[in-house]
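Structure, as structure tokens:
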Amino acid sequence: MEKNIVKCENLSFKYLSHENGEEYYALKGVDLEVKKGEFLVVLGHNGSGKSTIAKHINALLTPSDGTVYVNGLDTKDEQNIWDVRKTAGMVFQNPDNQMVATIVEEDVAFGPENLGVEPSEIRKRVDESLKKVGMYEYRRHAPHLLSGGQKQRIAIAGILAMQPECIILDEPTAMLDPSGRKEVIRTIKEINKNLGITIILITHYMDEAVEGDRVVVMEQGNIVLQGKPREVFSKVKEMKEIGLDVPQVTELAFELQKSGIEIGTEILNVDEMVNALCQLK
Ligand code: ADP
Ligand code: MG
């Protein structure tokens, strides 16, 4: 059995600019392995190549160079596309673009219907998936009347109903208010911990990134930093050079350290900061 659910080997993707007709690389030589059950976070500026990687993992794009394997299946092989899409589901930024039906449960049923799952099994999967994201009581509601966070949880239920091994979420909270963001992140964490589904979360929010098992930072089509959130964010100087933020408390620790206070910078939350301050002499 493959222990990697995703493996990108020397992945490059080039496109032709409409403006000047020249070729540009959106990705250049990316190597990335994602373990089964892992919660991976992808950070990086706009234009650094995050969505392009996501689309490769779902076989919406295929490499110009290199190879992407999803559960051992080469995404370039057309015979694999169906299995790849069934294995790795995608959730996008705008929940409104992902709703296809006028009733929540019909929306969630759409994916498994397309997979040709039989009706009684679909019924079961829809109910289970809605329960898993805490939206079962809304099953007969109209999706467009729900909050952004609820809509994204419905979108996640729709993917769960296809029983994927991996879910890629491309900035799923970018259009949500703080409470919607929290709901969605809590749901993602539960799916990962309780169901063992691999998560690849693309985000701009550092408080979300600290929830991952591992963070990779993209810059100009490649991975420039990676490690546990604690390791990556403690590199405050490097992160700032790339132009990315670190969590506020990590930055505070960094500033304290710069001003001569002997405090580590591997601090990710307020509790850890309080502990570190209490241990100062
Ligand atoms: P991110 O998701 O990190 O913001 P993307 O993966 O969407 O970045 O894009 C990476 C870069 O490649 C961007 O500069 C984007 O404009 C460019 N790009 C990717 N595909 C195309 C394409 N088909 N045509 C034009 N530009 C593209
Ligand atoms: Mg993007």
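For the numbers below, each heavy atom of this structure counts, side chains included, while hydrogens, waters and symmetry mates do not.
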Sequence neighbours excluded, the answer for salt bridge (charged side-chain N to carboxylate O under 4.0 Å, His left out) partners of E105 is R123, R140
Which pairs with one or both residues in residues 222-236 pass side-chain hydrogen bond (donor to acceptor under 3.5 Å, both in side chains), sequence neighbours excluded? R214-Q226, R230-E272
Identify, with sequence neighbours excluded, every residue that meets side-chain contact (heavy atoms from CB on, under 4.5 Å) alongside S64. F13, K14
Are there more than 12 heavy atoms of other residues, nucleotides or ligands under 6.0 Å from atom NZ of K193? yes
Within 6.0 Å of NZ in K76, more than 12 heavy atoms from elsewhere: yes
Quick one: which residue pairs count as a side-chain hydrogen bond (donor to acceptor under 3.5 Å, both in side chains) with a foot in residues 158-170, not counting sequence neighbours? S51-D170, N71-E165, R125-Q163
So, for P63 and G66, which heavy atoms are closest and what is the spacing to 0.1 Å? CB-O, 3.5 Å
Main chain of V100, side chain of D107: is a donor-acceptor contact present, judged purely on distance under 3.5 Å? yes
Side chain of K36, backbone of G196: donor and acceptor closer than 3.5 Å? no
Assess the residue pair V42 and I53 against the criterion (side-chain contact (heavy atoms from CB on, under 4.5 Å)); give the C-alpha distance rounded to whole Å, side-chain angles, the decisive distance to 0.1 Å, and a yes or no. CA-CA 10 Å; V42 182; I53 289 199; 5.8 Å; no
Check: E19/S17 side-chain N/O donor and acceptor closer than 3.5 Å: no
Can I get a per-line list of side-chain donor-acceptor pairs under 3.5 Å for residues 143-157, giving both atom names and the distance, sequence neighbours left out?
unit_1	atom_1	unit_2	atom_2	d
S147	OG	Q150	N	3.2
S147	OG	Q150	OE1	3.4
Q150	OE1	S147	N	3.0
Q150	NE2	Y138	OH	3.3
K151	NZ	D96	OD1	2.8
Q152	OE1	Q98	NE2	3.4
Q152	NE2	F92	O	2.8
Q152	NE2	Q93	O	3.4
Q152	NE2	P172	O	2.9
R153	NE	V133	O	3.1
R153	NH1	E183	OE1	2.5
R153	NH2	V133	O	3.2
R153	NH2	G134	O	3.2

E238: salt bridge (charged side-chain N to carboxylate O under 4.0 Å, His left out) partners, not counting sequence neighbours: none
With V184, which of L201, T173, V91 fulfils side chain to side chain contact (heavy atoms under 4.5 Å, CB included)? T173
Heavy atoms, side chains only, cut-off 4.5 Å: are L11 and L32 in contact? no
One thing to verify: whether K131 and E128 come together as a salt bridge, which I'm taking to mean a side-chain N less than 4.0 angstrom from a carboxylate O. no
